[in-house]
Amino acid sequence: MKSIENEEFNPLVSIVIPVYNGSDYMRDAIDSALAQTYPNCEIVIVNDGSTDNGETEKIALSYGDKIRYFSKPNGGVSSAMNYGVRHMKGDYFSWLSHDDRYEPDKVKRQVELLKKYNRDKAVVICDLNCIDGNGNKIPFTQKRRELPEECVIHWKIALEDLLKNETFYGCTMLINKNVMEECGLFNESMRYSQDYLFCVEMCLNKNDFIYTKEELVQSRIHGGQLSQTGRQLYHKEAVEIGNMVIDRFTDVSSKEQNFLYFYAIDMAIYDNPSVLRKCIRLLKEKHLMGFKDYVRLQCVRIYGKIRPFLRKIYYATFRGFKTR
């Protein structure tokens with residue numbers, strides 16, 4: 001890879017598409033990857049043991065040598081992405097879910113930002129918009145911090161945003177392969193929260209982020225997604241993640257930037273009592289929570305208990321499908 005200061009900086013970018021039973025939408029994803037205006041891309045398709053009578057494989061193979069195709073036994077999206085990373089030839093990794101789409105300039109703009117800010121190991125992120133199962137745009141309701149049109153986000157600010165549930169979506173990122181290896185790739189025991197945990201790892205490893213407000217990814221929302229049906233799995237994995245990271249959050253927390261408290265609020269919103277109890281115990285031991293903070297946490301906890309009911313009403317009314 002040429003130096004990032006070189007005018008000819010044009011690293012190979014590997015667009016990795018993990019897919020499981022993806023015949024409904026994967027052509028859209030692959031076509032959007034092939035339509036990238038950045039000239040130095042490879043598209044890596046990883047079939048994670050699909051059970052759709054060969055439909056997923058048939059679609060992938062129809063693209064011939066325009067893509068690199070791999071098939072493996074089913075192990076979950078994390079294992080499929082890690083497989084793709086281990087087999088990719090590129091210097092940078094770009095994840096594309098098989099039901100999402102890239103705008104044509106997604107990779108080009110992110111490589112330009114790497115060069116502009118001369119930060120080859122920063123993680124580049126963009127904004128996104130949402131589409132439904134038919135490809136129609138729908139409102140994106142995620143709360144966002146007000147940021148400039150583009151900027152560098154220090155890892156501590158990125159971690160604060162992440163813990164305040166201002167999610168950095170995996171498919172909006174461009175990541176140096178060395179950064180991925182230093183963070184240990186995606187945790188293969190996770191089936192729901194692997195991208196969240198990986199983002200936490202990147203922050204705790206002190207990787208800054210380059211942000212652009214451009215909406216360069218279309219994220220598809222549909223009823224078959226695990227994110228819409230996997231609430232019990234989310235709770236299970238939240239407990240596992242808590243056991244992995246709570247002590248590390250405590251180590252970098254202070255009264256001025258209280259990551260552990262931000263995490264406790266998030267666990268209260270999602271009604272994860274066992275993780276929340278650990279957070280409260282550590283907050284008290286480290287004297288990182290005052291009385292007002294405690295009262296706020298309990299109020300959020302009450303909201304967390306009624307949130308699933310409110311969420312079901314929202315999705316049934318405005319998105320046209322039900323959640324469990």
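Counting begins at 1 with the first residue of the sequence.
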Classify the side-chain pair T37/D105 by whether it contains a donor and acceptor separated by less than 3.5 Å. yes
Return the minimal non-hydrogen interatomic distance between T172 and D127, and the atom names on each side. CG2-O, 4.5 Å
Any donor-acceptor N or O pair under 3.5 Å, side chains E237, Y196: no
When rounded to the nearest 0.5 angstrom, what is the spacing between CD1 in I175 and CD in E181? 12.0 Å
Between V107 and I67, is there a shared hydrophobic cluster once you connect ILVMFWY residues whose side-chain heavy atoms come closer than 4.5 Å? yes
Hey, any chance M180 and L12 share a hydrophobic cluster, counting ILVMFWY side chains that come within less than 4.5 Å of each other, even indirectly? no
Do L34 and I43 have side chains that approach each other closer than 4.5 Å (heavy atoms only, starting at C-beta)? yes
With a 4.5 Å cut-off on side-chain heavy-atom distances among I, L, V, M, F, W and Y, is there a chain of contacts connecting L276 to L163? yes
Heavy-atom pair with the smallest gap, counting every atom of D293 and Y261: O-OH, 2.7 Å
Is the side chain of S14 donor-acceptor paired with the backbone N or O of V16 at a distance under 3.5 Å, no angle test? no
With the threshold set at 4.0 Å, does a side-chain nitrogen-carboxylate oxygen contact exist between K177 and D91? no
Does H87 offer a backbone N or O that forms a donor-acceptor pair with the side chain of R68 under 3.5 Å? yes
Measuring from Q110:CD to E214:CD, what's the distance to the nearest 0.5 Å? 9.0 Å
Common cluster, I302/V300, ILVMFWY with side-chain heavy-atom separation under 4.5 Å: no
So, applying side-chain contact (heavy atoms from CB on, under 4.5 Å) with C199, which one of L204, L162, D161, I125 is it? L162
CG of N258 to OG1 of T250, rounded to nearest 0.5 Å, is 9.0 Å
Does a side chain donor of either Y20 or N74 reach within less than 3.5 Å of an acceptor in the other side chain? no
So, does R220 use its side chain to make a donor-acceptor pair with the main chain of D99 at under 3.5 Å? yes
Hey, what do you get for SG (C171) to CG (L96), rounding to the nearest 0.5 Å? 5.5 Å
Does any part of the side chain of F93, heavy atoms only, come nearer than 4.5 Å to the side chain of V13, both counted from C-beta? no
Give me the atom names and distance for the closest heavy-atom approach of S97 to I17. C-CG2, 4.4 Å
Could you tell me whether the side chain of D100 and the main chain of A29 form a donor-acceptor pair under 3.5 Å? no
Cation-pi check for F262 against K164: NZ or CZ below 6.0 Å from the six-membered ring centre and within 45 degrees of the axis, yes or no? yes
Could you grab the distance from atom CD1 of I280 to atom CG of L260, nearest 0.5 Å is fine? 10.0 Å
Please report whether the ring centroid of H98 lies less than 6.0 Å from that of Y25. no
State yes or no: do M289 and V295 share one hydrophobic cluster built from I, L, V, M, F, W and Y residues joined by side-chain heavy-atom distances below 4.5 Å, directly or via other members? no
Could you tell me whether a side-chain N or O of E201 sits under 3.5 Å from a main-chain N or O of L197, the two making a donor and an acceptor? no
If only side-chain N and O atoms count, and only distance matters, is there a donor-acceptor pair under 3.5 Å linking S50 with D52? no
Would you call K116 and E150 a salt bridge, using N to O less than 4.0 angstrom? yes
Please answer whether the main-chain N or O of N207 pairs with a side-chain N or O of N205 as donor and acceptor at a distance below 3.5 Å. no
Is there a donor-acceptor pair under 3.5 Å between the side chain of Y38 and the backbone N or O of N10? yes
Could you check whether F259 and F249 have their ring centres less than 6.0 Å apart? no
Salt bridge check: are K115 and E112 linked by an N-O gap of less than 4.0 Å? no
As an exercise, state the distance from CZ of R281 to NZ of K286, rounded to the nearest 0.5 Å. 10.0 Å
Option passing side-chain hydrogen bond (donor to acceptor under 3.5 Å, both in side chains) with N21 (candidates N53, T51, D48): T51
Whether the side chain of S78 engages the backbone of Q194 through a donor-acceptor N/O pair (distance < 3.5 Å, no angle test) should be reported. no
Cation-aromatic face contact K66/Y63, 6.0 Å, 45 degrees: no
Without swapping roles, check the side chain of K213 against the backbone of L147 for a donor-acceptor pair under 3.5 Å. yes
Worked check of salt bridge (charged side-chain N to carboxylate O under 4.0 Å, His left out) between K106 and E103: CA-CA 6 Å; K106 192 267 187 185; E103 297 291 351; over 6 Å; no
Under 3.5 Å, is there a donor-acceptor pair between the side chain of N82 and the main chain of L185? no
Give a yes or no on whether a salt bridge exists between E240 and K236, defined as a side-chain N under 4.0 angstrom from a carboxylate O. yes
